[in-house]
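Any value given below was found using the heavy atoms of this structure, including those in side chains, with hydrogens, waters and symmetry copies removed. Along the sequence shown, residues are numbered consecutively beginning with 1.
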Amino acid sequence: MPDSPPKSATGLKRIRNALTYSLDGLKAAYRHEAAFRQEVWLAALLIPLALWLPASGTGKALMIASVLLVLIIELLNSAIEAVVDRISPEKHELAKRAKDAGSAAVFVALLNLVLVWALVLLG
């Protein structure tokens with residue numbers, strides 16, 4: 001089976017294509033997903049705060065990583081929801097399970113954020 005056009009690119013062209021697709025994904029998520037927008041604004045507040053707060057370098061890194069993890073999981077959740085909705089608009093138990101699992105992953109990432117920040121700051 002031949003490679004898809006994006007996969008056939010090599011070298012710098014492949015890197016440029018990957019960057020373009022990634023930026024397109026971020027723009028689409030920001031435009032179409034209210035939860036992602038809220039989490040981006042939360043990140044815009046928390047990342048500078050993590051850098052400002054009196055924590056060790058490792059603590060700051062953990063705090064920032066926990067914020068970025070929420071964004072990563074939200075992007076994956078949005079991708080799951082888009083694929084499920086594309087396959088069929090009908091209600092189906094497996095579609096519900098997939099969407100609920102994605103939502104649960106975001107919840108766990110947010111819980112992780114709170115726990116990491118609490119442990120670093122209250123240590």
Side-chain angles (χ1 to χ4, degrees):
M1 177 184 254
D3 286 339
S4 67
K7 301 261 186 211
S8 64
T10 59
L12 290 176
K13 184 174 181 179
R14 184 177 185 284
I15 292 169
R16 187 181 70 236
N17 287 349
L19 176 61
T20 299
Y21 301 144
S22 297
L23 293 175
D24 288 348
L26 288 169
K27 289 176 195 172
Y30 192 84
R31 185 179 314 117
H32 299 289
E33 301 292 335
F36 184 72
R37 283 192 300 276
Q38 293 167 349
E39 290 155 355
V40 165
W41 285 105
L42 182 65
L45 174 75
L46 291 181
I47 291 173
L49 183 60
L51 294 171
W52 178 78
L53 287 169
S56 69
T58 302
K60 291 175 189 291
L62 287 169
M63 293 163 75
I64 292 169
S66 70
V67 172
L68 294 176
L69 182 63
V70 171
L71 295 176
I72 293 166
I73 300 297
E74 186 63 54
L75 287 166
L76 293 172
N77 181 46
S78 296
I80 290 167
E81 289 181 351
V83 169
V84 167
D85 291 345
R86 168 64 175 95
I87 290 170
S88 174
E90 297 174 16
K91 292 195 182 280
H92 190 280
E93 180 56 33
L94 291 176
K96 179 180 179 356
R97 194 182 318 165
K99 287 183 171 191
D100 289 352
S103 180
V106 174
F107 175 77
V108 171
L110 288 166
L111 181 62
N112 176 69
L113 182 149
V114 170
L115 292 174
V116 166
W117 279 66
L119 289 170
V120 169
L121 294 176
L122 303 175

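Listed here is the closest heavy atom pair of Val70 and Ala109: CG2-O, 3.6 Å. When all heavy atoms of Asn112 and Ser66 are compared, the closest pair comes out as ND2-CB, 3.8 Å. Considering every non-hydrogen atom in both Ala55 and Met63, the closest pair reads CB-SD, 4.3 Å. Among all heavy-atom pairs drawn from Arg31 and Arg37, the shortest one is O-NH1, 3.0 Å. Shown here for Pro48 and Ala43, the closest heavy-atom pair between the two residues is CD-O, 3.8 Å. Closest approach of Trp117 and Leu53 over heavy atoms only: CZ3-CD1, 3.9 Å.
Residue Leu19 holds its CG atom at 9.5 Å from CG of Asp24, rounded to the nearest 0.5 Å. To the nearest 0.5 Å, the span separating CG on Leu42 from CG on Leu113 amounts to 6.5 Å. Of the inter-residue distances, the one linking Glu81 atom CD with Leu76 atom CG reads 11.5 Å to the nearest 0.5 angstrom.
Hydrophobic clustering (ILVMFWY, side-chain heavy atoms < 4.5 Å, transitive): Ile64 and Leu115 are in distinct clusters. Placement of Leu51 and Val40 within a single hydrophobic cluster is found when ILVMFWY residues are connected by side-chain heavy-atom separations under 4.5 Å, directly or transitively. Residues Leu121 and Leu49 share a single hydrophobic cluster, defined by chaining ILVMFWY side chains whose heavy atoms lie under 4.5 Å apart. At a threshold of 4.5 Å between side-chain heavy atoms, the hydrophobic network of Ile, Leu, Val, Met, Phe, Trp and Tyr places Leu94 and Ile80 in two separate groups.
Partners of Trp52 according to the side-chain hydrogen bond (donor to acceptor under 3.5 Å, both in side chains) rule, which considers only residues two or more places apart in sequence or in another chain, do not exist here.
No more than 12 heavy atoms of other residues, nucleotides or ligands sit less than 6.0 Å from atom CG of Leu12. More than 12 heavy atoms of other residues, nucleotides or ligands shown are found within 6.0 angstrom of OH on Tyr30.
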Note to self: Assess the residue pair Leu68 and Ile47 against the criterion (side-chain contact (heavy atoms from CB on, under 4.5 Å)); give the C-alpha distance rounded to whole Å, side-chain angles, the decisive distance to 0.1 Å, and a yes or no.
What the structure shows: CA-CA 9 Å; Leu68 294 176; Ile47 291 173; 4.0 Å; yes
Could you please spell out the steps behind the side-chain contact (heavy atoms from CB on, under 4.5 Å) verdict for Phe36 and Asn77? CA-CA 10 Å; Phe36 184 72; Asn77 181 46; over 6 Å; no
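Between Ile73 and the choices Leu71, Leu69, Leu75, the side-chain contact (heavy atoms from CB on, under 4.5 Å) rule is met once, by Leu69.
You'll find the side chain of Val106 reaches within 4.5 Å of the side chain of Glu39, heavy atoms only. Considering only heavy atoms from C-beta on, Val120 comes within 4.5 Å of Val116 through its side chain.
Pairs of residues two or more places apart, or lying in two chains, that qualify as salt bridge (charged side-chain N to carboxylate O under 4.0 Å, His left out) and include a residue from residues 90-106 are Asp85-Lys99, Lys96-Asp100.
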